[in-house]
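Right, one structure below, let's go through it.
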Amino acid sequence: MPLAKIQIRPGIDKQRTEYGAEGTWIDGDNVRFRSGLPEKIGGWLKITSDALIGATRALLTWSDLDGVKYTMFGTNKKLYVYSDILADKYYDATPTRGTGSITQFNTTSGSTTITVTDGSHGARVGDYVTISSVSADVGGVTQANLQNEFEILTLLDTSSPAVVTANTFTITSPAAASSTASGATATATYKIRSGPATSIYGYGWGMGVWNQTEWGDSREDITASPAVLESGKWSLDNWGEDALACQLNGGLYTWDTSSGLSGNLATVLSNAPTTNRIMLVSGDDRHVILFGTETTIATSSTQDNMFIRWCDQENNNTWTPTATNTAGSQRLTRGSQIMAAVRSRGVILVFTDTSLYQMQFIGPPFTFGFKLIADNCGAVGMNAAIDIGGRVFWMGKESFFVFDGAVKKLDCTVQDHVFDDIEPIAQQDVFCSTLSDFGEVMWFYPSSNSVQLDKQVTYNYQENSWHVGSLARSAWADRSAYNNPYAAEYDADDTTTPVPTVYGATAGRTFFYKHEFGKDADGSAMTSYIESADVDLEDGEKMMSIKRFIPDFKNLAGSVDVTLKFRDYPTSTQRTNGPYEITTSTDKIDTRARGRQGALRIESDATGDDWRFGTFRAEVRPDGGR
């Protein structure tokens, strides 16, 4: 019998049934499509074994004027800077919010828990304090052990656990006390307040983190019930060779490369609004723009989630409009809050929860002009949209969209698979990025009953195809300053000692990887597979049998397993033939496979494996119904 060539279109189709999707692929993981053919994705490797505290939700890579490369990470807890050229390690750049005077430390014999008294600390559980100038040892805990950075663990007075006090908080010492004692004074420097690692949804009483504030205090993030406490996020952008960082519902800060790495903390722009949702630097006109900001500068109670304010041109610390500068403001009307903003070709696209606006530099006296583009197409989160060559892609609440002069809903062959399984509580944490070398735009999203970004959906805009996967990344930066894409992975249970060291740091760490590097998952085997929909003969009128097939792979390293799956009816249990191991020396595989409809699965799961699938040719013949 002659060989038959079975053609399978690129992309994953999960909208139709396994039989109805004939001629397509229906499932896969750690694969992509290039020139119409499926292949295993590139591997990844940790940049360093060091860990960052918290979940990274923003990632910025750039080079200074001397060509030194930097990466800035914004986690829900801290702001970090990394440079492989200067030091190949992480530095804490988290801004401070003020200092305090510690009047007493209390120790308990045999315990590492220390109660610290500062009458005006203003801290919350999960914030960070650096203690210095300790006057004496306390209870056998040395000055050196106390002069470190600590995570604030509780606001309870440990001598009376039922008491919550604004005057004390507890930390964990690197060494246990040898006696119960009190004494010593010190200086405390408090970092800006941290946020939740993931978005939290709740109703009234009990909402959020227990013991985060004093009894009777208002919760700053709660404006209604039910409500969502948003995860801690940052907006990061460049201002020349320096970086700007805006904390979600917080202040605007600058980080100066000329001050080096060690001890170089981001500093507040003193004249800027103090409570903002999102920050973006405009294009050639060089305005810093704040979205969801204060209508009265420096009055946090006036924050308006639909209000936009921008600084004077080329002057990021002049925000009050005058007749001689270009600072200004504008309020949008469609929607309840601004969700995202993306710099595109000659314009800025502003997404609310329901609509899309265009913001364009028009010069004095108005500086920027605004135009409503479309309704019912809002973005789900501040990182859910991206510009790629003048086209902007984003995730909405139930669909994917593109703007290329007009808003279009993308025809998505995995739409139900994504949106029927997405966790609505954490949907606003979705992170969108691009892998431009392969023409891909990716969304990392939380699957059902998970608040972590544990799934991935990818659109290949060059080939108009979709694929899905289990790659879990909380932030991603395409290849630009560095030769490889860089990405962050958050592990909520990890307790690796962070760098720089923080004592008492609770679980939750980020690790940093370079991608499209090698063939493995940080030195371990990467499982990669793809499976086709069912095919048949004459619409299933005849049974078929496969006597042999000819493997066709490119760039094959190691081996791949090919499995043939058959069943007699769409609801029947599948029968498998194989897996058959394929190497570069495999010419053909003899089989005795039969059924009314059949499918193909290709899989690799060993270190060093690599493959790109070509064409499936098989000796297919009609068979009897026995």
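The analysis underlying the following values was restricted to heavy atoms, covering all of them including side chains, and did not include hydrogens, waters or symmetry mates.
- Between the side chains of Thr275 and Glu294, at least one donor-acceptor pair of N or O atoms lies under 3.5 Å.
- The closest side-chain donor-acceptor pair between Thr61 and Ser480 falls under 3.5 angstrom.
- At least one side-chain heavy atom of Thr198 sits under 4.5 Å from a side-chain heavy atom of Gln452.
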| task | Starting from the C-alpha separation in whole Å, work towards a yes-or-no answer on side-chain contact (heavy atoms from CB on, under 4.5 Å) for Tyr490 and Leu453. | result | CA-CA 8 Å; Tyr490 175 61; Leu453 304 187; over 6 Å; no

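- Minimum interatomic distance between Leu236 and Met72 (heavy atoms only, all atoms of both residues): CD1-O, 3.6 Å.
- To the nearest 0.5 angstrom, Lys40 atom NZ is 15.5 Å from Arg612 atom CZ.
- Glu22 has its side chain within reach of Asp536: a pair of non-hydrogen atoms, C-beta onward, lies under 4.5 Å apart.
- Annotation: salt bridge (Lys or Arg N to Asp or Glu O under 4.0 Å) contacts involving residues 464-480, sequence neighbours excluded, comprise Asp437-Arg479, Arg473-Glu489.
- Considering CG of Asp494 and CZ of Arg509, their distance stands at 6.5 Å, rounded to 0.5 Å.
- Two residues are said to be in side-chain contact when any heavy atoms from C-beta on lie closer than 4.5 Å; Asn460 and Thr458 fail this criterion.
- Exactly one residue among Phe438, Phe393, Trp466 makes a ring-ring contact (aromatic ring centres under 6.0 Å, His included) with Tyr461. That residue is Phe393.
- Side-chain atoms of Trp476 and Leu471, non-hydrogen and from C-beta on, do get closer than 4.5 Å to each other.
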| task | Might you work through the ring pair (Phe, Tyr, Trp, His ring centres under 6.0 Å) test for Trp310 and Phe361, ending with a clear yes or no? | result | CA-CA 11 Å; Trp310 55 91; Phe361 179 69; 9.8 Å; no

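- Rounding to the nearest 0.5 Å places CH2 of Trp255 at 10.5 Å from CG of Leu60.
- Side-chain atoms of Ile192 and Thr94, non-hydrogen and from C-beta on, do get closer than 4.5 Å to each other.
- Between Val441 and Cys432, the closest side-chain pair of non-hydrogen atoms falls below 4.5 Å.
- Atom CD of Glu398 sits in a sparse spot, with 12 or fewer heavy atoms from other residues, nucleotides or ligands closer than 6.0 Å.
- More than 12 non-hydrogen atoms from other residues, nucleotides or ligands lie less than 6.0 angstrom from CG of Asp420.
- A salt bridge links Arg32 to Glu516: one of the charged nitrogens lies within less than 4.0 Å of a carboxylate oxygen.
- Residues Pro10 and Asn464 fail the side-chain proximity criterion, which asks for heavy atoms closer than 4.5 Å.
- Closest non-hydrogen pair, Ile348 versus Ala341, comes out as CG2-CB, 4.5 Å.
- The side-chain heavy atoms of Arg277 and Thr293, taken from C-beta on, include no pair separated by under 4.5 Å.
- Of the candidates Phe368, Trp319, Trp239, His287 forms a ring-ring contact (aromatic ring centres under 6.0 Å, His included) with just one, namely Phe368.
- Between the CG atom of Asn276 and the CZ atom of Phe291 there is a distance of 11.0 Å, given to the nearest 0.5 Å.
- Counting only N and O atoms by type, the side chains of Asp454 and Ser447 include a donor and acceptor under 3.5 Å apart.
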| request: List the steps, then state whether ring pair (Phe, Tyr, Trp, His ring centres under 6.0 Å) holds for Tyr459 with Phe400. | output: CA-CA 10 Å; Tyr459 176 62; Phe400 297 97; 8.6 Å; no

| query | Would Tyr357 and Gln330 count as a side-chain contact (heavy atoms from CB on, under 4.5 Å) if you check the C-alpha gap in whole Å, the side-chain angles of each, and the deciding distance to 0.1 Å? | reply | CA-CA 12 Å; Tyr357 282 85; Gln330 176 75 32; over 6 Å; no

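- By the neighbour-count criterion of 12 heavy atoms within 6.0 Å, atom CG of Asn376 is sparsely surrounded, having that number or fewer from other residues, nucleotides or ligands.
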| task | For the pair Ile26 and Thr24, evaluate side-chain contact (heavy atoms from CB on, under 4.5 Å) and give the outcome as yes or no after the intermediate values. | result | CA-CA 6 Å; Ile26 59 167; Thr24 67; 4.3 Å; yes

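- Looking at every heavy atom in both residues, Met395 comes nearest to Val430 through SD-CG2, 3.9 Å.
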| task | Step by step, work out the ring pair (Phe, Tyr, Trp, His ring centres under 6.0 Å) result for Phe517 and Tyr486. | result | CA-CA 10 Å; Phe517 183 84; Tyr486 277 15; over 10 Å; no

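- Using a 3.5 Å distance cut-off with no hydrogens or angles, the side chains of Asn30 and Ser528 do not pair a donor with an acceptor.
- Ring geometry for Trp25 against Phe33 counts as tilted: the plane angle lies between 30° and 60°, on a 0 to 90° scale.
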| request: Please report the C-alpha distance between Lys14 and Asp416 in whole Å, then the side-chain angles of each, then the deciding distance to 0.1 Å, and finally whether the side-chain contact (heavy atoms from CB on, under 4.5 Å) criterion is met. | output: CA-CA 8 Å; Lys14 287 184 171 291; Asp416 291 347; over 6 Å; no

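- Interatomic distance, OH of Tyr82 versus CD1 of Ile47, reported as 5.5 Å (0.5 Å rounding).
- Checked for salt-bridge contact, Asp429 and Lys233 meet the test: a charged N lies under 4.0 Å from a carboxylate O.
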